[in-house]
Structure formats: C-alpha cells, structure tokens
Amino acid sequence: MFEYLNRQLIARLEELEWPTETLQLSRPKKVENGDWSSNIAMTLARDLKRAPMQIAEELMEGMQLDSKIVEKYDILRPGFINFFQTSDYLTSQIRTILKAGDSYGRNAFGSGKTAQVEFVSANPTGPLTVGHGRQTVLGDTLANILTWSGYDVTREYYFNNAGRQMRLLGESLKARYFELKGELTLLPDGGYEGDYLIDIAKALLAEKPDLDETTEIDRFKEYAENSIFAIIKTSLERIGVKHDVFYNERSLYEDGKIDEVLELLKEKGLLYEKDGATWFKTSELGIEQDRVLVKSSGEPTYRLPDIAYHREKVARGFDLVVDIFGADHIDAYPDVLSALRVMGLKHEHIQVVIHQFVTLMRSGEIVKMSTRKANFVTLDELIDEVGADVVRYFYIMRSASSHLNFDLDLAKRQTDENPVFYLQYAHARILSIYRRAKERGLEADSDQADLSLLNEEFTVALINQVLEFPEVLDHCRRTLEVHHLPSYLYSLATALHKFYTEYKVIDLENPDLSKARLALLAAVQIALRNGLRVLGISAPEQM
RNA sequence: GCGCCCGUAGCUCAGUUGGAUAGAGCGCUUGCCUCCGGAGCAAGAGGCCACAGGUUCGAAUCCUGUCGGGCGUACCA
C-alpha cells in the first residue's frame, strides 16, 4: 500500500512538474482519517502560491488508482489527502505474512553491506554491573535489528588490559592472595575492593599455593583478567549476547598503530608538548579545550588508543559503525571523530548511541550504588532476581536518551502488570487456541480460508497492527532507537486481546469464519514471535 | 561557568521526518467468567505537554531565553 501510493503520487507530481521532495505518507491516528495520509498539498502550498485544498483537488483529479487496492480517498481541510485501502487488499496481506513466516519483518536495506556494533567494552576489572547491562542489551538488540535489515553485522567488544587500572587489579589480587595466606597486607591505594577478587584469590591459592613476594605482578594480573573475563562472558551468555570479536587494545601498540596516529597528527601540526605531556590541539577543531594524548609518565591516555582503534574500524571498511557509550563517555567521541577528520578519514558512517544511566528501584526506593566502594549490583544478580527475558525487556523499553528507572518490584511480578508476561501471554494464548482448535477438529488451513470474512472493526484493527511490524523495525533501524519495538509489540498484544475478547475464534457452528480467524492469528503469532526474537526474549508456547 | 541528555496524567514513560480531538501502563473508582487461557477485556476520573517568547497553514515536536534534575567538563576508562 505504502509503496504503491508513494509510486503513484510521485508519478502524478512529476506529471504536473511539482516538487516531490516533501512527499510524505503516514498512518493517521484516527481510523476515520483513512489508512494512509499525505500532507503534500500543504507542503506545496507555499511553492505553488495556491490554497492547499485546490492543490489537493488538482493532484487527485488526474490520479489513476487501482480500485483493487484503494477503496477511496478523501480530501480534508486544511489539505490532507486520506487514502482508504480495500478490505480485499488488507486481508490479502495476511497470506503475504504467512508466506514470509520467520522472515516477516526483514528488509533488504542493508543487503550486501556490513555493520559493526561496538558495545559493552568494559575492561576486565570486575563483573558487569547493572549499568553495563543497559548497553549490553541495547547493543545486542540494535545488532539484531541491523541483521533483520540485511546487514552483515559484527558484534565487537573492545577492551584494554594494559594500563594503570589493570596493574592496580593485579596488585589488588596479590594483596588478597597474601591476605588469605594470613599475611598482613593492604590493598593498594585506589585498588579494587570487591569480594569477587577474594574468590579469585582463593581459586589462585588452590591452584598455586606457593607463590611468594617475588612473583611478578603480571602473574596476578593475568590470572585476574582471565578469571574476570570468564565471569563477564558467562553473564553475557546468560542474557543471550555473543560477541564476534574481542578487540584487545594491546594489539594497537604491537602493530605500531598508536605511533602512526601520533605521527599523522604531528604532521598536521596538531600536537605539542607541555608539562612533559603530549597534547592534542582539539581547541583548533571546535572543541573547548586541548586534550592530553600521552601523559608525562609516557603512558597514553585512553583517547589515543580510542583514536587508533577507530582509525582501524574505518580501515576495516564497514559500511556502518555504531558505538554504544554510557553518558559518562559523552566527551570522548567528539575528540575521536575530529581526529579522524583531520587525518582525512571517512567518519560519517560512524554513529554514536549514548545512553543515560540506570537507577534501580526497590520498594519505591532508589538502590544506592557506588563503584568505588565496590558496592554495586551486578548484572548477574539482576538476572538471578528477575530472569533474562525481563532484564532484556526492561533495559530497552525506554528511550536510550532517557534515564531508566528499573522497577524491581514490577519486574519480579509474574502478572499482566509486567509487560513481558503480557506479551508472552499473548503469544502463548494464540498457540493455546491452536491446540484447542485441533482438538475440536478444525483445520487451520490458511489457503482454504475465506479471508474476506475478516471485516469487523477490531479484526481490521488487528490486521493493520500486524502490518506495521516491518515499518516499526525500519523505524528502529533508521533512528537506531530500539525502544519502539517493545512498545509496538505491546500494542500488538493489546489489539490481539481485544480481538479475542470481542470475537470467538473457535466456533464449530461457523467453520469458515473460524478458519479465517485462525489464519489471522497465525499472522499475529508470526509478528509476535519474530518481534520477540529480535528483542532476544523467549516466545513461550504455554505459560 | 561551559557541553550533552531529560522535564508530557498522582507515579513510570510513549508520542515516526512538525499534522487532524495529546496516548499507554501502574495507582484510584466501577463493570464483564455456565462460553476458545480472567496471566484477559471494558468504562470513569486525572493535562496550560516546566515557564516565556519566536518560526508557519499547523508546535509536545524546530529556534532563543529562563527555571529545575542527571552526566560530563582529569596527565581515570
């Protein structure tokens, strides 16, 4: 319908030699305003210096519309053109959905193109926290959406195991190790206080009971890193996230990429030395102040490898690169992008998604967390408490740019108040109806069904709702906003429940209508199942 | 101070690139199960879309300013 109208309108506009750039088609909120609506007459009014109503009249007079698709159109003040689809066209779409099946909702926008989504990227200094959880699910869901848009997607985790923080981690483990041996030790200043390091120290002690003071810090560091990465990967696996690439920052040093960046920026005259450090003249690139790239200690700050890493991303030739950051990294990406620009590299294909913070609410109160004191709730604890499906849904049901209030009490409720169960129930309910239909000897044969019987108000509403699924996925892809999908699925479930309450699906007195309704439910189930799959949430057959 | 995000119903939040009478869930009031899963549905109440200007056929949406809240503004990542 959309494609058809779009094509016809463009053809007509060209015929009249009117501009086509402002052509838009949208779904009106009210059913009386039709199935698709265009505001083209109003947007042309200024250019043509004519009244919108007149423009609409003239435009539509010469339109040849297929009466099998378009039932009628209205022209309404101040100049909307509203199109109504025929019910045959509408119901025929059900067969299209059934035929598409598992691939209903997919599109070819990114076909033949590659995309990379970088997310999580937490350094292996501790377990993932509820804060990391948000971008973990955000990134994975976005990667799913890009996959459904045809992209060949690489999920990437970038980490740093060199640097000061990792050395501190090694020192902290060493302290814990000797503490377990009964020696008087102190955690280093700013060291890692979390209990997980005690567990790791115990494991190390059991494996290697005879380490002494002369053992190099690197032994401890490596042991801690491996142990923590194992914990992180287990957490990721528990919520269904699997990265394709774990990119180690260290390789950037080994391959000389760090030095190359310094060299390139130096050639551009954008580096200078001050107080023993190497500074990047970002102030010349429209950024407030200059940034240090190499500390006076000789160690680079995180910005330098970030730039080198992104230079590599560009070199790797992805058509689309998406970086997911928390709000606390907001300052980093303008530096990186401007560095790419001055190095003459393409950067327009790099999209940055910044998400705001997560607040856990329990019994109406904020759960206080402080990373410094190792007093944080881990992602694992959250999964233990509410389950992976709920975790995934709650993390993405709000816009990434808004703060997220994660209501633990609501998340734990296994009733319709919990949107996850509401959705899953809708899916299970359809399958239940199917089981019951089979028991009663009703064949759910959609080829035989007379779909023209599907013309009641809430039935039509349900069909239209199902048809929006591909549009919603495309909207998510365009905006890189995933929260539209859960809210769409929720309204699809509502439309289904409404339909179910109003009409009886299994009616042995009326087998033709029953078959038609069963065919519709099959289409709804496909949209629900596919939508839940993109969200990474299970679609249970019964609950 | 400066930069980014947010401010919509009592609470938590949606609101396609500006569109037609601003929506949902929770909470509150009230209905609907001899009948396919009541883990459901319906009705009611509840709004100066933070505030003030501007842009235009039209603004919750865009621009400017003000006021609130969050995050940054490190030779931490």
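Proteins get letters first, then strands, A, B, ... in listed order; numbering begins at 1 in each. Because only heavy atoms are used, hydrogens play no part in the values below, and waters and symmetry mates are left out as well, while side chains stay in.
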Practice problem: Find the distance A:Phe357:CZ to B:U12:P and express it as a whole number of Å. | Solution: 19 Å
Quiz item: In the strands shown, is B:G31 matched to any nucleotide by a Watson-Crick or G-U wobble pair with both distances under 3.5 Å, and which?
Solution: B:C41
Quiz prompt | Short side-chain donor-acceptor distance under 3.5 Å, A:Gln356 and A:Ser401 | solution = no
Exercise. Assign each of A:Thr479 and A:Ala493 to its nearest nucleotide of RNA chain B by heavy atoms, then name whichever residue's nucleotide is nearer the 5' end.
Key: A:Thr479
Practice problem: Answer with base, sugar-phosphate or nothing: what part of the nucleic acid does A:Asp331 contact at a heavy-atom distance below 4.0 Å? | Solution: sugar-phosphate
Quiz item: Is the base of B:A20 touched by the side chain of A:Ser37 through a donor-acceptor pair closer than 3.5 angstrom?
Solution: yes
Exercise. Can you check whether any acceptor in the base of B:A20 is under 3.5 Å from a donor in the side chain of A:Asn82, or vice versa?
Key: yes
Quiz prompt | Distance in angstrom units between A:Lys30 NZ and B:G23 C1', rounded | solution = 10 Å
Quiz item: If you check every side-chain atom of A:His403, which of B:G69, B:A77, B:G19 has the closest atom?
Solution: B:G69
Quiz item: Does a donor on one side chain sit under 3.5 Å from an acceptor on the other, for A:Thr129 and A:His132?
Solution: yes
Quiz prompt | Closest to side chain of A:Asn160, choosing from B:C41, B:C75, B:A77 | solution = B:A77
Quiz item: Among B:G72, B:G70, B:U12, which is the nearest nucleotide to the side chain of A:Ile330?
Solution: B:G72
Quiz prompt | Spacing of A:Asp407 atom CG relative to B:C11 atom P, expressed in whole Å | solution = 15 Å
Quiz item: When you check the gap from the basic side-chain N to the acidic O, do A:Asp407 and A:Arg362 get nearer than 4.0 Å?
Solution: no
Quiz item: What does B:U73 pair with, Watson-Crick or G-U, if both distances are under 3.5 Å?
Solution: B:G1
Exercise. Using a 4.0 Å heavy-atom cut-off across all strands, classify A:Tyr490 as base, sugar-phosphate, or nothing.
Key: sugar-phosphate
Quiz prompt | For B:U17, the Watson-Crick or wobble partner whose two distances fall under 3.5 Å | solution = none
Practice problem: Check if the side chain of A:His329 and the base of B:A77 share a donor-acceptor pair of N or O atoms closer than 3.5 Å. | Solution: yes
Quiz prompt | Quiz item: A:Ser296 side-chain donor-acceptor pair to B:C75 base, under 3.5 Å | solution = yes
Self-check item: Nearest-nucleotide pick for A:Tyr500, side chain only, options being B:C6, B:A77, B:C36
Solution: B:C36
Quiz item: Where does B:C33 land, syn or anti, given syn is within 90° of 0?
Solution: syn
Quiz item: Is the distance between the ring centroids of A:Tyr309 and A:Tyr247 less than 6.0 Å?
Solution: yes
Exercise. Measure from the side chain of A:His497, starting at C-beta and using heavy atoms only, and say which of B:C75, B:A77, B:C41 lies closest.
Key: B:C41
Exercise. Identify, between A:Lys274 and A:Glu481, the residue whose nearest nucleotide on RNA chain B lies closer to the 5' end.
Key: A:Glu481
Quiz item: Do A:Phe406 and A:Tyr395 make the cut of ring centroids closer than 6.0 angstrom?
Solution: yes
Quiz prompt | Side chains of A:Asp290 and A:Ser283, donor plus acceptor under 3.5 Å | solution = yes
Practice problem: Report yes if a side-chain nitrogen or oxygen of A:Ser402 is closer than 4.0 Å to either non-bridging phosphate oxygen (OP1 or OP2) of B:A14; otherwise report no. | Solution: yes
Quiz prompt | Polar side-chain contact A:Asn39-B:G19 base: donor and acceptor under 3.5 Å | solution = yes
Exercise. Report the distance from atom CG of A:Leu404 to atom P of B:C11, rounded to the nearest whole Å.
Key: 18 Å
Quiz item: Using a cut-off of 4.0 Å on non-hydrogen atoms, how would the nucleic acid contact of A:Ser432 be classed: base, sugar-phosphate, or nothing?
Solution: base
Quiz item: Using a distance-only test with no angle check, is there a side-chain donor-acceptor pair under 3.5 angstrom linking A:Arg429 and A:His497?
Solution: yes
Quiz item: What is the pairing partner of B:U55, taking Watson-Crick or G-U wobble pairs with both distances under 3.5 Å in any strand?
Solution: none
Quiz item: How would you label the contact of A:Lys504 with the nucleic acid (heavy atoms, under 4.0 Å): base, sugar-phosphate, or nothing?
Solution: base
Quiz prompt | Touch class at under 4.0 angstrom, heavy-atom based, for A:Asp507 against every strand present | solution = nothing
Practice problem: Figure out the CG/P separation between A:Leu462 and B:C41, and round it to whole Å. | Solution: 13 Å
Self-check item: Phosphate-side-chain proximity, A:Ser297 and B:C75, N/O vs OP1/OP2 below 4.0 Å
Solution: no
Practice problem: Step through it carefully: locate the ring centre of A:Tyr488, locate the ring centre of A:His475, and say whether they are under 6.0 Å apart. | Solution: no
Self-check item: Distance test, side-chain N/O of A:His484 to OP1/OP2 of B:G15, below 4.0 Å
Solution: yes
Quiz item: How long is the line joining CG of A:Leu496 and C1' of B:C36, in whole Å?
Solution: 12 Å
Quiz item: Expressed as a whole number of Å, how far does the P atom of B:G31 sit from that of B:C49?
Solution: 34 Å
Practice problem: Among B:C57, B:C13, B:G15, find the nucleotide with the atom closest to the side chain of A:Met42. | Solution: B:C57
Quiz item: Taking it one step at a time, do A:His355 and A:Phe325 satisfy ring pair (Phe, Tyr, Trp, His ring centres under 6.0 Å)?
Solution: CA-CA 6 Å; A:His355 68 86; A:Phe325 294 148; 9.3 Å; no
Quiz item: Is A:Arg436 touching bases, backbone alone, or none of the nucleic acid, heavy atoms closer than 4.0 Å?
Solution: sugar-phosphate
Quiz item: NA contact type, A:His475, heavy-atom cut-off 4.0 Å: base, sugar-phosphate, or nothing?
Solution: base
Quiz item: Contact class for A:Tyr333 (heavy atom, under 4.0 Å): base, sugar-phosphate, or nothing?
Solution: nothing
Quiz item: In whole Å, what is the span from the CD atom of A:Glu299 to the P atom of B:C75?
Solution: 14 Å
Practice problem: Using a heavy-atom cut-off of under 4.0 Å over every strand shown, decide if A:Ala45 touches base, sugar-phosphate, or nothing. | Solution: nothing
Quiz item: What does A:Asn405 touch in the nucleic acid at a heavy-atom separation under 4.0 angstrom: a base, only the sugar-phosphate, or nothing?
Solution: sugar-phosphate
Practice problem: Considering just the side-chain nitrogens and oxygens of A:Lys295, establish if one lies under 4.0 Å of OP1 or OP2 belonging to B:C76. | Solution: yes
Quiz item: B:C76, B:C36, B:C4: which one has an atom nearest the side-chain heavy atoms of A:Ile433?
Solution: B:C36
Quiz item: Ring-on-base stacking between A:Phe80 and B:A20, under 5.5 Å between centres and under 30° between planes: is it there?
Solution: yes
Quiz prompt | Between C1' of B:G23 and OH of A:Tyr488, the distance in whole Å | solution = 18 Å
Quiz item: Can you name the nearest heavy-atom pair linking A:Leu271 to A:Leu293, along with the distance?
Solution: CD2-CD1, 3.9 Å
Quiz item: Contact class for A:Gln289 vs. all strands (heavy atom < 4.0 Å): base, sugar-phosphate, or nothing?
Solution: sugar-phosphate
Practice problem: When you get a sec, tell me which of B:U17, B:C6, B:C75 is the closest nucleotide to the side chain of A:Ser26? | Solution: B:U17
Quiz item: With both distances under 3.5 Å as the test, what is the Watson-Crick or G-U wobble partner of B:C26?
Solution: B:G10
Quiz item: A:Tyr302 has a side chain; which of B:A14, B:C75, B:A77 sits nearest to it?
Solution: B:A77
Self-check item: Among B:A20, B:C75, B:C76, the nucleotide that comes nearest once only the side chain of A:Lys29 is considered
Solution: B:A20
